[in-house]
Amino acid sequence: MTGTGNEQAGKTAEGLAYSLGFGNEHSSEAVPGALPAGRNSPQRAPLGLYAEQLSGSAFTEPRSHNRRSWLYRIRPSAAHPPFVRADQGALRSAPFTDCVPDPNRLRWNPLPEPAGPVDFLDGLWTLGGNGDATQRTGMAVHLYYANASMSERVFSDADGELLIVPERGGLLLRTEFGLLRALPGEVALIPRGVRFRVELLDATARGYVCENYGRPFQLPDLGPIGANGLANARDFRAPVAAYEDIEGPFEVVNKFCGHLWKAVYDHSPLDVVAWHGNHVPYVYDLHRFNVIGSISYDHPDPSIFTVLTAPSDTPGLAGVDFVVFAPRWLVGEDTFRPPYFHRNVMTEYMGLIEGAYDAKTAGPGGFVPGGGSLHNMMSAHGPDRETFDRASAAELAPQKITDGLAFMFETRWPLTLTEQARDAGHLQRGYDDVWQGLQRHFRP
């Protein structure tokens, strides 16, 4: 897309309207009268549209877990030619068998800029993951770097939902349900099977993607916190109906059981005129996260920062959690305020969206925006030496952290790298060195 195209996408994004609320039964119509009243599938759908159900869960799952939406579209999704295999690029899927799981602490610099024009789909680069996409278990960590918009091209993921975390450059997401704008500091959630196209709002775009193969993300239970706090449901923005009635060739790419397949349609598949349901995409501003923390002593466990969780068959043990370290006050008395040294049964992949993280040294060779670190299960980690020395001697006045926005994909299983991540030129070879120089202070 040219600079003019970026400007047009930006103007479109600025004028968007939304429907609010995570997990709601949303409904929307781009043309009055397009939604049927009192039934989902009348003998003749209004305005000559086709009625179609998109199911993100099995029909017989409990009502509280059931995800489905009814779409009223110009042509049914069934009207398409056969799919054929497509080039995978740097996109990989579980099970990951390139490498053995690595217990070492690892950190990467940001993904290098592509040599030529690359859109969001072609710019996906897989770091690793766990589970098995064909069994709908586990997750994958991808990064992306794009310098072109998707044009006459649409993508959908049958293997899982996509949590997109922009770090540089805004995105305009054109989905079957309508349009969403996702800027750095926000996240976009695209449910399993939903078709979408990514247009750039800036010259380039870079960020992270969590592909969740398992149960869909939901808001975590609050327990003793009470009825309010963490991510508020009302702050999640769902699109309103907007359709494309465009004839001509469109490449539709589908990720299915770890492989990309493509078909050329004679029309845009983003032709949904009206819809209702709860299997819908969202955008959420991470700066709106209502941080809960200690106002007496000790640093709370990172679970208190959970935005979304994908439960597993074991209560409290998530297939993947999405955690954010948002701006917040630190006031704990007689407390080592950065995250403590620990070993964790959960695996942690951490990324940085802006600024610096309070437990890591920033700057070249450190933990920087666009970079990421992997601490597989039971690997010992925590503040680096410079952070430890500074925090141990700091005056414990109330302190507000305002210059950083970090996040974590946390998963119950070890994360196995792809070969390209293991051998990447932007892998920091001396990451272990950040803990060197931690001195013995024991005085019996």
Could you tell me if T204 and N147 have a donor-acceptor pair between their side chains, going purely by distance under 3.5 Å? no
Can D301 and S303 be counted as having a side-chain donor-acceptor contact under 3.5 angstrom? no
Please check if the number of heavy atoms outside F256 that lie under 6.0 Å from its CZ is greater than 12. no
Between F407 and F325, is the ring centre distance below 6.0 Å? no
Rounded to the nearest 0.5 Å, how far apart are NE2 of H259 and CZ of R92? 10.5 Å
Just by distance, no angles: are the side chains of E61 and N66 close enough, under 3.5 Å, to form a donor-acceptor pair? no
For S151, enumerate each residue passing the side chain to side chain contact (heavy atoms under 4.5 Å, CB included) test, keeping only those at least two apart in sequence or located in another chain. none
Intermediate values then yes/no, salt bridge (charged side-chain N to carboxylate O under 4.0 Å, His left out), E161 and R192: CA-CA 4 Å; E161 61 184 344; R192 186 191 303 267; over 6 Å; no
Classify the side-chain pair D119/S149 by whether it contains a donor and acceptor separated by less than 3.5 Å. no
Taking side-chain hydrogen bond (donor to acceptor under 3.5 Å, both in side chains) as the test, write out the residues that go with T418, two or more places apart. none
Is E244 salt-bridged to R197, going by a charged N under 4.0 Å from an acidic O? yes
S19 side chain vs A238 backbone, donor-acceptor pair below 3.5 Å: no
For residues 171-188, the salt bridge (Lys or Arg N to Asp or Glu O under 4.0 Å) pairs (sequence neighbours left out) are R73-E176, R174-E199, E186-R237
Between K255 and E211, is there a side-chain N and carboxylate O pair less than 4.0 Å apart? yes
Is it the case that the side chains of D432 and Q436 hold a donor-acceptor pair, with the cut-off being a distance below 3.5 Å and no angle test? no
Charged N to carboxylate O under 4.0 angstrom, R328 versus D358? yes
Could you tell me whether the side chains of T126 and H142 share a donor-acceptor contact shorter than 3.5 Å? yes
Distance-only polar pair, side chains of T309 and D321, donor-acceptor under 3.5 Å: yes
Please tell me whether D384 and T387 have a donor and an acceptor in their side chains that are separated by less than 3.5 angstrom. yes
Only pairs at least two apart or in different chains count here, so list each ring pair (Phe, Tyr, Trp, His ring centres under 6.0 Å) that has a residue in residues 116-138. F120-Y144, W125-H426
Got a salt bridge between R153 and D122, using NZ or NE/NH1/NH2 to carboxylate O under 4.0 Å? yes
Check this for me, if you would: do R68 and E25 make a salt bridge, where the nitrogen-to-carboxylate-oxygen distance has to be below 4.0 angstrom? yes
Between H381 and H342: side-chain donor-acceptor atoms closer than 3.5 Å: yes
Taking only Lys NZ, Arg NE, NH1 and NH2, and the carboxylate oxygens of Asp or Glu, determine whether R412 and D313 approach each other closer than 4.0 Å. yes
Please work out whether the ring planes of F305 and F289 are parallel, tilted or perpendicular, with thresholds of 30° and 60°. tilted
Contact list for residues 149-173, test ring pair (Phe, Tyr, Trp, His ring centres under 6.0 Å), sequence neighbours left out: F155-F196
Could you pull out every donor-acceptor pair under 3.5 Å between side chains of residues 396-405 and any protein atom, sequence neighbours left out?
none

